[in-house]
Amino acid sequence: MANYDFKAIENKWNSYWEKHKTFATDVWDFSKPKYYSLSMFPYPSGAGLHVGHPVGYVATDAAARFKRMCGFNVLYPMGYDAFGLPTEQYAIKTGNNPLDFTQMNIDNFRRQLKMIGLSVDWDREISTCDPHYYKWTQWIFEKLYEAGYVKNQDMSVNWCEELGTVLANDEVIDGKSERGGYPVVKKFMKQWVIDIPSFAQKLLDGLDGLDWPESTIITEQNWIGRSEGAIIKFEVKDSKETFEVFTTRADTLFGATYCALAPEHPIINKITTKTQKSEVEAYQKLCASKTDIERTDTSKEKTGVFTGAYAINPANKKLLPIYIADYVLSTYGKGALMAVPAHDERDYAFAKKYKLDIIEVIKSKQGVSKQAYTGDGEHINSDFLNGLNNEQAQKTMFEWLEKQKLGEKTVNYRLRDWIFARQHYWGEPVPVIHMEDGSMKLVPEKDLPVVLPAMKDYQPKNGKSPLENATEWVNVEIDGMKGKRETNTMPSSAGSCWYFLRYIDPHNDKCFADKKLLDHWMPVDLYVGGTEHNTGHVLYARMWNRFLYDKGYLSHPEPFKRFRHNGLMMASDGRKMSKRWGNVVNPDDVVAQHGADVFRLYEMFMGPINATRYWNDKDIVGLERFLEKIWTIYHSEKLQKSDDKSLEKIYNQTVKKVTADYEELSYNTAISTMMIFMNSVQEAKVFPEGFARGFLQLLNPLAPYITEELWNTVFNEKESIAYVSWPTFDEEKCAENEIKLPVQVNGKLKGVVNIKLDATQIEALDALKNQLPVLSELEIKKVIYVPNKILNIIV
RNA sequence: GCCGAAGUGGCGGAAUUGGCAGACGCAAGGGACUUAAAAUCCCUCGAGAGCAAUCUCGUAUCGGUUCGAGUCCGAUCUUCGGCACCA
């Protein structure tokens, strides 16, 4: 018997698969049912893969291999989310070129992904930084622009003067820049944004009927944040000005005692009285110097300033002082609110601090002398709402407002505009030209892609993209008019919004992908990735998909039919694997030492794929022993052409259980079931060839190399095992004809009787009499018998 | 504060619908083989009591429903993840 030389076996099959294009997909073959298995593509960092990444990859690979054997035409692609800030920062630091650096990283990732035996169709590999790819990213951007979903607007951003750039919220800590610790302030700047709130309801509705984790659906729902309420119009006393507020508690309008505006509200300078002017302006300035993070710190006391102006409560004409307060967000609702201190905790705290009235309009046991009451109850002090509960009062108020034309019922969403530009080099250029006459033009489709120019200096300057310095690239002429290219680039989430569509038809240069192919292959049947992308990438990708669907380019509104998460990989010290702690395990080392099959099995055996896992080098040996055992048995005299039936039952049970586990991605239990089977084979005298072949197939999706090798060398099969029909099982042969039935007395386990399957209660009591006579002699009051499960006698 | 997930041996984890808790693997202990070691194979392995057959306790804590609860219900504690003044 030859030794189990995993290295030689891996080399042999890697070149076999490559040479025979074993995993190439003929996407035009519609004769078989399709299956599209997909992992979120990696960001090709300089650090390479760590052992956390392959959890999701092996899971989708095993699903792809399983479905191929089940007769599906499987699409299983891979690519790289290659644009992004870390690469650019590396380039600035080292003087390297981001493109070269990215290419190098991609080569390393590809090597590692091939090393672990993924059955990827490598001819479909894509990279978001490839102009052939981002041509179509730009093209979709233009379609969004033409449809009015892209805006170039002034908005408030985090601005760091020292770094000369805009920062994302998570790059700002305690009002200072994460890098350098420089002060960061709010600043109004022109920004590209995508109007994702227009899709809020569609994205919410689209969640229905998806096979996704319930918690993920809830996370997306909360993120979109639908709330039903009313917009109410307020007039300002002694002024022509009006403003609107959004409220979910229109029923409490009679309890409103002041109004509060966000410090950025446009009406403020028009209504502020002379005496309050300096105070108001000082406050606005103070707020502008704060970051979102400071402003939204709920632990700080609320602050605000009186404008001197009064609003008129449309319900009872009472005068309400108008404050500006930083607890009012300019980005939510109308950037203004009617305050009802008696029934809102935030308004209550503010009213107490500034000694404003608190009017109770809902009856409660505890009253409102100590804190706000936010529950349901009978309305009081509310004119035509008196006596009604919250829901009735709300409904009545909606009707009244609409009748009086003072407001209307509405739906508001928390989802905000998606800022779609960065002042950086390493991203897709925004395909827009600013013309001399002040107009903006899209780059004509025939001139796409707008390719990133080669540069030497990638440092952003004065909040402008480094592309400003590429003067030859920037200055263009269209139809005789001069213009300048937009120098902001797209965020790194752009390329990942539609990559799953491009995989289907990656070399198409006429359109982003052929419609017939898209209709056949979408949606993705299985999508696996981390939970951290639920409110970012996944939501954005769903929006782009939905947009393309609305415009008729796609026939499926939702891209990901079934979605599962891979859990975090922790180091054995209980900390997250990270360079910082020096506890990162490199798959290269594990594969070199134990082989790719052992690595794959260990990754899957650690626990359910969505669970947090704790890497433990010691545990790997169990999987190594498992494969060694298989190798030995397949080369032993046990293996024979034989019609021996002794393993028939457990074989059928194993096929049944493993098949079900693969369907559920429950790979940890699939592996333990296969271990139990091999333990039985080890005990048995013979291992009939039919079962031996079937077992190799069961194991193949998780351990492709050893199974291909044994299939080839032990059974002399010339073709790969990859497409051999999945083994079947006989339900009748799975069933035990005799079972051990637990016997309880008063609910406590007292023993077990042997009994035939599906025995009647009489037979069960008979068996009890024969096998456990002591128990049957008890004075039986009642018998609970669940066939094949339990016999419980009450005495 | 709000939302979500989870809590089972020394460890990772099983238990498909409420029906023998701890499958499978690791670690540990004992034995066989060996001059010896490694590898391999066999046995033991939740806690307590008992010479023993056996008995009692046991799935974060407390209570409930049920013939029967790791599983269902109510309260509490802890850990992790996400959001954070959303009117």
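Letters go in sequence order (proteins before strands), and every chain restarts at 1. All values derive from a computational prediction rather than experimental measurement.
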Exercise. Reading nucleotides 37-42 of chain B from the 5' end, what letters show protein touch, with B for base, S for backbone sugar-phosphate only, - for no heavy atom under 4.0 Å?
Worked result: ---SS-

Problem set entry | Residues in salt bridge (charged side-chain N to carboxylate O under 4.0 Å, His left out) contact with A:Arg600, at least two apart in sequence or another chain | A:Asp61

Problem set entry | Under 3.5 Å donor-acceptor pair, A:Glu532 side-chain atoms to B:rG82 base atoms | no

Exercise. In Å, rounded to the nearest 0.5 Å, how long is the span from OH of A:Tyr662 to OG1 of A:Thr669?
Worked result: 10.5 Å

Exercise. Using the C1' atom in both, what is the distance from B:rA27 to B:rC11, to the nearest Å?
Worked result: 7 Å

Exercise. Touch check for A:Asn616, heavy atoms < 4.0 angstrom, all strands: base, sugar-phosphate only, or nothing?
Worked result: nothing

Exercise. Checking all strands, does A:Thr331 fall into the base, sugar-phosphate, or nothing category for heavy-atom contacts under 4.0 angstrom?
Worked result: nothing

Problem set entry | B:rG81: syn or anti, per glycosidic angle within 90° of 0 | anti

Problem set entry | Set of residues satisfying side-chain hydrogen bond (donor to acceptor under 3.5 Å, both in side chains) with respect to A:Lys233, sequence neighbours excluded | none

Problem set entry | Contacts of type ring pair (Phe, Tyr, Trp, His ring centres under 6.0 Å), residue A:Phe687, not counting sequence neighbours | A:Tyr634

Problem set entry | Under the side-chain hydrogen bond (donor to acceptor under 3.5 Å, both in side chains) test, residues paired with A:Asn652 that sit two or more places apart | none

Report all side-chain donor-acceptor pairs from residues 745-759 of chain A shorter than 3.5 Å, counting only partners two or more places apart or in another chain.
from, atom 1, to, atom 2, distance (Å)
A:Asn746, OD1, A:Val795, N, 3.1
A:Lys756, NZ, A:Glu763, OE2, 3.2
A:Asp758, OD1, A:Asn788, ND2, 2.7

Exercise. So which one's nearest nucleotide on RNA chain B is more toward 5', A:Ile790 or A:Tyr614?
Worked result: A:Tyr614

For this session: May I ask you to verify if any side-chain N or O of A:Lys748 is less than 4.0 angstrom from the OP1 or OP2 atom of B:rC57?
Result: yes

For this session: Go through B:rC67, B:rA87, B:rA14 for me and flag the one nearest to the A:Val328 side chain.
Result: B:rA87

Exercise. Does the side chain of A:Glu228 come within less than 4.5 Å of A:Thr248's, by heavy atoms?
Worked result: no

Exercise. Has A:Ser227 got a side-chain N or O lying under 4.0 Å from the OP1 or OP2 atom of B:rA87?
Worked result: yes

Problem set entry | C1' atoms of B:rU61 and B:rC77, separation to the nearest Å | 7 Å

For this session: Please list, chain by chain and in numerical order, all residues satisfying salt bridge (charged side-chain N to carboxylate O under 4.0 Å, His left out) with A:Lys409, sequence neighbours excluded.
Result: none

Exercise. Which of these nucleotides, B:rA87, B:rC20, B:rG25, is closest to any side-chain atom of A:Leu337?
Worked result: B:rA87

Exercise. Who passes side-chain hydrogen bond (donor to acceptor under 3.5 Å, both in side chains) against A:Asn222, sequence neighbours left out?
Worked result: none

Problem set entry | Test salt bridge (charged side-chain N to carboxylate O under 4.0 Å, His left out) applied to A:Glu532 - qualifying residues, sequence neighbours left out | none

Seminar exercise, completed: Intra- and inter-strand pairing of RNA chain B, written as dot-bracket with Watson-Crick and G-U pairs under 3.5 Å and | for the latter, reads (((((((..(((......[....))).(((((.......))))).((((....))))..(((((..]....))))))))))))....

Problem set entry | Stretch residues 246-254 of chain A: residues that reach within less than 4.0 Å of RNA chain B through a heavy atom | A:Phe246, A:Thr247, A:Thr248, A:Arg249

Problem set entry | Side chain of A:Gln744 (C-beta onward), nearest among B:rA14, B:rG19, B:rC26 | B:rG19

Seminar exercise, completed: salt bridge (charged side-chain N to carboxylate O under 4.0 Å, His left out) pairs touching residues 651-665 of chain A, sequence neighbours excluded, are A:Lys67-A:Glu663, A:Lys656-A:Glu731, A:Lys657-A:Asp661

Problem set entry | Spacing of the C1' atoms in B:rU76 and B:rG9 (rounded, Å) | 25 Å

Exercise. At what distance, to the nearest 0.5 angstrom, does OH of A:Tyr327 lie from NZ of A:Lys302?
Worked result: 7.5 Å

